[in-house]
Number of protein chains: 2
Amino acid sequence: MSKYSGVKATRMVIEYRQQIADHCDVVLVDEARVRAAEANLVDGLTATHMAETFQALSDPTRVRIISTLAQQELCVCDLAAVLGMSQSAISHQLRLLRVMGLVRHRKEGRMVYYVLDDEHIQHLFQEGLEHARHGRRGVADRSS
Amino acid sequence: MSKYSGVKATRMVIEYRQQIADHCDVVLVDEARVRAAEANLVDGLTATHMAETFQALSDPTRVRIISTLAQQELCVCDLAAVLGMSQSAISHQLRLLRVMGLVRHRKEGRMVYYVLDDEHIQHLFQEGLEHARHGRRGVADRSS
DNA sequence: TTGACACCTGAATACTTGCTCATATATTAC
DNA sequence: GTAATATATGAGCAAGTATTCAGGTGTCAA
């Protein structure tokens, strides 16, 4: 359980601090722009939080889980049936989504029902869907 | 180069088809809801595209690159200086972002300047930033 | 109590990822 | 031409990830 309790985030922040501490021997090309960029850059902790949220949505299985839960509450068993995957695999992913704060669960007898945690997730999902549906030229076209 | 030319996407789609093909022996709890969910589920290819886009933003380094480029165009060298990382590391990540279609580049002599590809990326980035800044209780609080 | 069921979880495994290091390419200055 | 500079890239490694498998917990019904 401790595996998901912010250990990774902490490690990332430590790494980030080390990066900042490391001296950078690259010569600056446009110092004014560099200073401006440094001033407005999102801090390492925020960047890590953002990356974690996006990472929660960075797997097709999880995207499809979110897509399903965006419509209605569903139990683990039915989610597995809808996605055509094993109950175990879905359960593992649901735990991840739960720890990341994207879904909530509600126990009812031996069943466990999952829903999206808030409408913020819906927004992110919709933005991603928009971007995937239009303005998508296909990854292979951009290899140059 | 072929590593980034849609090979992964293709593999994911193949996996997805296998999942669908595998028969699911879990008993349905609420068949009506399952049928409804199946009908509205995003298809595997779209889910894969979405996951790829989110994945592009699922790393703190890339988030910070996007954050920097959201403000202004910058060359690789200065980007490396702003982020306090090696030129090589930044260049690798920029290639990824380029192949994923999040950034564009412009050559000027021996310099290469990068910008965000479109404002759609800005939207996604902003949504992520909102979500990270408020409504964030911290990953560790949700381990139950 | 016994068994069935819905779900959870740890270990194992194959795969993916982000960095560094060394090196390659391309442009500019001399 | 040579040297210096800006960027790109391939190999390699350490770390992370998604699934399967085997087994565990808690609930319900007979």
Peer 1: Starting from P on dC8(C), measure out to CZ on R98(A) and report it in whole angstrom.
Peer 2: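 It works out to 6 Å between those atoms.
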
Peer 1: The side chain of R110(A) lies closest to which of these nucleotides: dC8(C), dA6(C), dC19(C)?
Peer 2: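 That would be dA6(C).
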
Peer 1: Test side chain to side chain contact (heavy atoms under 4.5 Å, CB included) on V99(A) and L96(A) and set out the steps.
Peer 2: CA-CA 5 Å; V99(A) 171; L96(A) 241 164; 5.9 Å; no

Peer 1: Write out a two-atom table: protein N or O, nucleotide N or O from nucleotides 21-25 of chain C, distance below 3.5 Å.
Peer 2:
residue, atom, partner, partner atom, Å
dC21(C), N4, S88(B), OG, 2.8

Peer 1: Start at the 5' end of DNA chain D and walk down; is the nucleotide closest to Y114(B) or to R62(A) reached first?
Peer 2: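 So the residue in question is Y114(B).
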
Peer 1: So, using salt bridge (Lys or Arg N to Asp or Glu O under 4.0 Å) as the criterion, who are the partners of E119(B) when residues are at least two apart?
Peer 2: none

Peer 1: Could you give the OH-to-C1' distance, from Y113(A) to dC7(C), as a whole number of Å?
Peer 2: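 Taking atom C1' of dC7(C) as the reference, OH of Y113(A) is at 13 Å.
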
Peer 1: Could you list the residues that satisfy salt bridge (Lys or Arg N to Asp or Glu O under 4.0 Å) with R110(B), not counting sequence neighbours?
Peer 2: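 Counting only residues at least two positions away or on another chain, R110(B) forms no salt bridge (Lys or Arg N to Asp or Glu O under 4.0 Å).
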
Peer 1: Is any side-chain nitrogen or oxygen of S86(A) closer than 4.0 Å to OP1 or OP2 of dT19(D)?
Peer 2: no

Peer 1: In whole Å, I'd like the distance from the CD atom of Q55(A) to the C1' atom of dT17(C).
Peer 2: 10 Å

Peer 1: When the distance from NZ of K107(A) to P of dG26(D) is rounded to whole Å, what number comes out?
Peer 2: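 My rounded result for the distance is 8 Å.
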
Peer 1: What residues form a side chain to side chain contact (heavy atoms under 4.5 Å, CB included) with A37(B), not counting sequence neighbours?
Peer 2: T68(A), Q72(A), L74(A), V82(A)

Peer 1: Using atom CZ of R64(A) as one end and atom C1' of dT19(D) as the other, report the distance to the nearest whole Å.
Peer 2: 14 Å

Peer 1: List for me each residue that meets ring pair (Phe, Tyr, Trp, His ring centres under 6.0 Å) alongside Y114(B), sequence neighbours excluded, and say none if there are none.
Peer 2: H105(B)

Peer 1: Output the rounded distance in Å from CG (L83(A)) to P (dT20(D)).
Peer 2: 12 Å

Peer 1: Rounded to whole Å, how long is the line connecting atom CZ of F54(B) with atom P of dT17(C)?
Peer 2: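 One finds 17 Å between P of dT17(C) and CZ of F54(B), rounded.
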
Peer 1: For E31(A), give me all partners under side chain to side chain donor-acceptor pair (under 3.5 Å), at least two apart in sequence or on another chain.
Peer 2: R35(A)

Peer 1: Output the rounded distance in Å from CG (D59(B)) to P (dT17(D)).
Peer 2: 11 Å

Peer 1: Looking at L57(B), L116(B), L83(B), D59(B), which hits side chain to side chain contact (heavy atoms under 4.5 Å, CB included) with I65(B)?
Peer 2: L83(B)

Peer 1: Name the closest nucleotide to the L96(B) side chain, picking from dT19(D), dC7(C), dG18(C).
Peer 2: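 So the side chain of L96(B) is nearest to dG18(C).
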
